[in-house]
Amino acid sequence: MHFYIINMKISNLLIQWYLSNKRNLPWRKTLDPYKIWLSEIILQQTRVDQGTAYYHKFTENFPTVFDLANATEEEVLKLWQGLGYYSRARNLHFSAKYIVNNLNGEFPSTYSEIIKLKGVGDYTASAIASICFNEATAVVDGNVYRVLARYFGISTAINSTKGIKEFKNIAQELIVAEQPGTFNQAIMEYGARVCKPQNPICDTCELNNSCVAFGKNEIQNLPFKEKKIKIKKRYFNYIVFKMPNKITVIEKRISGIWQNMYQFPLIETSKEIDIEELLSNKKFDELFQQKKINVKLFNNDLIVHKLSHQHIYTKFWVVEVDNCELDTIKWSEIGKYPVPKLVDNFLSEYKFN
DNA sequence: TACGCGTGGGC
DNA sequence: TGCCCAAGCGT
């Protein structure tokens, strides 16, 4: 009983704090499940500062789920360009079509129906169900893991099966059934603004006298996460065709990183190569055969593009040639295609004359 | 189940 | 600098 009263106090404190401290974010002006869904997908593993502009772009270009469903995947990816984790955009578009074609355009209204949408997992389904439909399903995101791990002094790994269940159960016990959406947003906002990963504001935290980690000086050690990821090194050699009349060649990636995004023809190697090695490369030879070419390396220093799980060391080779057998596009049209940041950065620096 | 999947910011 | 982290999900 004592534990229950304490928990009630925490939940209500979080809500009271939230009501007087919440940020004025654009998706907090609506309860339209389509827009809440949009915001939640955009904010997956993404900071508010980075995602906000994309939320505006998407709600302006696609005000309703019908507009999104009627777009092409390429248009959606182009709008998503620069935000990363592009499967979010592909799944968003897929699910929009599903809602329009199979649900008569009506957004699903329960957790169990919402989670059936591709790209929507436990967190996102809980967020939408609680915010838009008052269903008492607790969200557990990075913020919630942190607040709960510290406050209750829980050292179970947050990325273990056991930890995922444990934290979900605790959050579910804490949720305020009468205002689940407000509680969910309150605990997340608290994690983002007070109980931060670095330099949390413990001194003035209203929960510090009952926070286990604070009392035991364990704030820096919680939440606990298992192991680290290994960074793989990859070596990309992009072949930038430079042909008469400002013509070039691009291709669509079919799998892995940047799936369905566009790039220049790629020769991936197991290590950095110089021009001699490029010229004797089999794929390079297939591209140009015995044609007369002029090859220039755009970047003298390797461009390192860092992703979560891999570092891509890149060279852009500009190859002048009169013609080719591949499909070509005008250089001026290249901006229409969705491209990864690595290619976008090149495009903003390189001048095709 | 463990791993693949982007980009940017903070220290 | 290198590492961690950010309103996670799919397979």
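Because only heavy atoms are used, hydrogens play no part in the values below, and waters and symmetry mates are left out as well, while side chains stay in. A note on names: the letters A, B, ... follow the listed sequences, proteins ahead of strands, and every chain is numbered from 1. What you see is a predicted model; the values in this text were computed from it and never measured.
- Between Glu74(A) and Pro338(A) the shortest heavy-atom distance is CG-CD, 3.5 Å.
- Note on Gln310(A): only backbone sugar-phosphate atoms sit closer than 4.0 angstrom, heavy atoms only; bases stay farther off.
- Between Phe264(A) and the options Phe298(A), Phe241(A), Tyr350(A), Phe346(A), a ring-ring contact (aromatic ring centres under 6.0 Å, His included) holds for only Phe346(A).
- The nucleotide whose nearest atom lies closest to any side-chain atom of His309(A) is, among dA7(C), dC9(C), dC5(B), dC5(B).
- In the set dT7(B), dA6(C), dA7(C), dA7(C) carries the atom at the smallest distance from any side-chain atom of Asn143(A).
- At a threshold of 4.0 Å, the pair Glu333(A)-Lys336(A) counts as salt-bridged, since one of the basic side-chain nitrogens sits closer than that to a carboxylate oxygen.
- Distance check on atom P: dG6(B) versus dT1(C) gives 24 Å, rounded to whole Å.
- In this structure, the nucleotide among dG6(B), dA7(C), dC9(C) sitting nearest to the side chain of Gln44(A) is dC9(C).
- Nucleic acid contact class of Gly256(A) (heavy atoms, under 4.0 Å, all strands): sugar-phosphate only.
- Rounding to whole angstrom units, CD of residue Glu189(A) and P of dA6(C) are separated by 14 Å.
- Ion pair Glu113(A)/Lys116(A) flagged as a salt bridge, since at least one NZ, NE, NH1 or NH2 atom sits closer than 4.0 Å to an Asp/Glu carboxylate oxygen.
- The base of dG6(B) sits with one of its N or O atoms less than 3.5 Å from a complementary donor or acceptor on the side chain of Ser308(A).
- Between dC11(B) and dA7(C), the distance separating the two P atoms is 15 Å to the nearest Å.
- Nucleotides of DNA chain C nearest to Leu117(A) and Val48(A) differ in position, and the one nearer the 5' end is that of Val48(A).
- Between the C1' atom of dC5(B) and the NZ atom of Lys232(A) lies a distance of 12 Å, rounded to the nearest Å.
- Atom-to-atom, OH of Tyr145(A) to C1' of dA7(C) comes out at 13 Å; the value is rounded to the nearest Å.
- Under 4.0 Å is where a charged nitrogen must lie from a carboxylate oxygen, and between Arg28(A) and Glu189(A) at least one such pair does.
- In this entry the distance linking CG of Leu307(A) with C1' of dG4(B) reads 11 Å, nearest Å.
- Lys306(A) comes within 4.0 angstrom of a base, heavy atoms only.
- At the heavy-atom level, Ile257(A) lies under 4.0 Å from the strands shown only through sugar-phosphate atoms.
- Nucleic acid contact for Thr124(A): sugar-phosphate only, since backbone atoms but no base atoms lie under 4.0 Å from a heavy atom of the residue.
- Of the candidate nucleotides dT7(B), dC5(C), dC9(C), dC5(C) has the atom nearest to the side chain of Arg146(A).
- Atom C1' of nucleotide dC5(C) and atom CZ of Phe224(A) are separated by 16 Å, given to the nearest angstrom.
- Counting non-hydrogen atoms under 4.0 angstrom, Leu83(A) reaches a base of the nucleic acid.
- Atoms NE2 (His311(A)) and P (dT7(B)) sit 13 Å apart, rounded to a whole Å.
- Residue order along DNA chain B, read from the 5' end via each residue's closest nucleotide, puts Thr161(A) first among Thr161(A) and Pro340(A).
- Residues Trp258(A) and Leu342(A) meet the side-chain proximity criterion, which asks for heavy atoms closer than 4.5 Å.
- Between Glu277(A) and Lys271(A), at least one side-chain N (NZ, or NE/NH1/NH2) sits under 4.0 Å from a carboxylate O, which counts as a salt bridge.
- Side-chain proximity of Ala192(A) to the nucleotides dG4(B), dA7(C), dG10(C) is greatest for dA7(C).
- At dG8(C), one or more side-chain N or O atoms of Gln45(A) fall inside 4.0 Å of OP1 or OP2 (strictly under the cut-off).
- At a cut-off of 3.5 angstrom, the base of dC5(C) holds at least one donor-acceptor pair with the side chain of Arg47(A).
- Among the atoms of the strands shown, base atoms are found under 4.0 Å from some heavy atom of Arg28(A).
- Between the side chains of Tyr123(A) and Gln44(A), not a single donor N or O lies within less than 3.5 Å of an accepting N or O.
- Heavy atoms of Trp80(A) sit nowhere under 4.0 angstrom from any nucleic acid atom.
- At the heavy-atom level, Lys196(A) lies nowhere under 4.0 Å from the strands shown.
- Backbone-only contact: Val120(A) has heavy atoms under 4.0 Å from sugar-phosphate atoms and none from a base.
- Counting non-hydrogen atoms under 4.0 angstrom, Ile164(A) reaches nothing in the nucleic acid.
- Remark: Tyr85(A) is not in phosphate contact with dG4(B), judged by side-chain N or O atoms under 4.0 Å from OP1 or OP2.
- Note on Asp49(A): nothing from the nucleic acid sits closer than 4.0 angstrom, heavy atoms only.
- In this structure, the CD atom of Gln259(A) is 14 Å from the C1' atom of dG6(B), given to the nearest Å.
- Taking atom CZ of residue Arg88(A) and atom P of nucleotide dG8(C), one finds them 9 Å apart after rounding to whole Å.
- Nearest-nucleotide assignment on DNA chain B puts the 5′-proximal partner with Lys230(A), out of Lys230(A) and Gly82(A).
- When the C1' atom is used for both dT1(B) and dA6(C), the distance is 24 Å, rounded to whole Å.
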